[in-house]
Amino acid sequence: MKKLSNEFYEQTDVVSVARQLIGKIVATHFDGVLTSGRIVETEAYVAFTDRASHAFAGKRTARNEHMYATGGTAYVYICYGMHQMLNVVTNANDIPDAVLIRAIEPLEGIEKMLERTGKKTSDSTLTKGPGNVGKAMGIFKKHSGLHLSEATMYIMDDEQFHLDPQQITASARIGIDSAGEDASLPYRFFLKGSKYVSGKTR
DNA sequence: CCGGGGATTATCT
DNA sequence: GATAATCCCCGGC
């Protein structure tokens, strides 16, 4: 397995990157413990024009500063005062495109994920939904700004994992009702049949 | 199985 | 002071 290249992250179509990230492996290596999982659900947030994005109309604050960093940077923010949400920044410097990682299928370090989440058994809720992904992987706002080619947090291409494009479904994004018309854009992607996908699975 | 509401606090107005 | 790219539990079918 190989880490994704800067060229991958710097692609100019964030919606396409969101689709391509399905099936990739995200990993963290914090405090000497490796945890990883396969990405099964993503959402694209498009720079400048997307009312659902924190960077709509070029809004730039201390919170979303890392959205403006170069492709491959992690943008982590806190939602509802308690959930750590992991995003992959794409495109060039100063273009705030980002992909939210909404769900993964846990692979390595499941014991550590159970410890972090306080769950007793590994069921589909362990890494279903963006808040749970951050919690299980040990990701916090302090990790925002790290580049996903670092030793501690990265995304890899699993060449052994072949998926048919037909296995990926597109739908409207979740939890962004206040985004008006943009709420219905088909910018959410998920792996058909995965029990780890949050929300509607069709 | 499904819908409603509370939790909890960083962030922005 | 209001809001939020969510989650969990509970009660009612």
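A note on names: the letters A, B, ... follow the listed sequences, proteins ahead of strands, and every chain is numbered from 1. Since the structure is predicted, the reported quantities are computational estimates derived from the model, not experimental observations.
- Of the candidates B:dT8, C:dC7, C:dA5, C:dC7 carries the atom nearest the A:His83 side chain, counting heavy atoms from C-beta on.
- Sorted by first then second residue, the salt bridge (charged side-chain N to carboxylate O under 4.0 Å, His left out) pairs that include residues 180-189 of chain A, not counting sequence neighbours, are A:Glu41-A:Arg188.
- Stacking here means ring centres nearer than 5.5 Å and ring planes tilted less than 30 degrees, and by that measure A:Tyr80 does not stack onto B:dA7.
- Base pairing of C:dA5 is not made with any nucleotide, judged by Watson-Crick or G-U wobble geometry with both donor-acceptor distances under 3.5 Å.
- Using a 4.0 Å heavy-atom criterion, one finds that A:Lys128 contacts the sugar-phosphate atoms exclusively.
- Taking the side chain of A:Met82 as heavy atoms from C-beta on, and the options C:dA5, B:dT11, B:dA7, the nearest nucleotide is B:dA7.
- Cation-pi geometry between A:Lys3 and A:Tyr154 is satisfied (NZ or CZ under 6.0 Å from the ring centre, within 45° of the ring normal).
- Note that A:Arg63 lies in the cation-pi zone of A:Tyr77, set by a 6.0 Å cut-off to the ring centre and a 45° limit from the axis.
- Distance A:Ile139 CD1 to C:dA5 C1': 16 Å, rounded to the nearest Å.
- To the nearest angstrom, P of C:dC8 lies 13 Å from NZ of A:Lys120.
- Atom-to-atom, CD of A:Glu41 to P of C:dA5 comes out at 16 Å; the value is rounded to the nearest Å.
- For the pair A:Arg173 and A:Tyr45, the cation sits on the ring face: its NZ or CZ lies under 6.0 Å from the ring centre, inside 45° of the axis.
- At a threshold of 4.0 angstrom between heavy atoms, the contacts of A:Ser178 are confined to the sugar-phosphate backbone, with no base atom among them.
- Contact annotation for A:Asn132: backbone-only contact, meaning every heavy-atom pair under 4.0 Å involves sugar-phosphate atoms and none involves a base.
- When the side-chain nitrogen and oxygen atoms of A:Lys135 are compared with OP1 and OP2 of C:dT6, none of them lie within a distance under 4.0 Å.
- Nearest heavy atoms, A:Thr61 versus A:Lys59: CG2-CE, 4.1 Å.
- A cation-pi geometry, defined here as NZ or CZ lying under 6.0 Å from the six-membered ring centre and within 45° of its normal, holds between A:Arg60 and A:Tyr68.
- Taking atom CD of A:Glu43 as the reference point, atom C1' of C:dT6 lies 12 Å away to the nearest angstrom.
- Distance CD1 (A:Ile78) to P (C:dT6): 15 Å, rounded to an integer number of Å.
- The residue A:Ile176 sits close only to the backbone: its heavy atoms come under 4.0 Å of sugar-phosphate atoms, none of a base.
- Nucleotide B:dG4 holds its P atom 13 Å from the CG atom of A:Asp177, rounded to whole Å.
- Remark: the backbone N or O of A:Leu100 is not paired with any side-chain donor or acceptor of A:Glu43 at under 3.5 angstrom.
- Using a 4.0 Å heavy-atom criterion, one finds that A:Arg173 contacts no nucleic acid atom at all.
- We find that OH of A:Tyr75 is positioned 11 Å from C1' of B:dA10, with the value rounded to whole Å.
- Contacts between residues 50-74 of chain A and DNA chain C, counted as heavy-atom distances below 4.0 Å, involve A:Ala52, A:His54, A:Met67.
- Note: CG (A:Asp123) to C1' (C:dC7) measures 13 Å, nearest angstrom.
- Note: A:Phe140 and A:His143 have tilted aromatic rings, judged against thresholds of 30 and 60 degrees for the angle between ring planes.
- Below the 3.5 angstrom threshold, one finds a donor paired with an acceptor across the side chain of A:Tyr77 and the base of C:dA5.
- When heavy atoms are screened at a 4.0 angstrom cut-off, A:Met85 is found touching the sugar-phosphate backbone but no base atom.
- Pairing for B:dT8 is absent, with no Watson-Crick or G-U wobble pair whose two atom distances lie under 3.5 Å.
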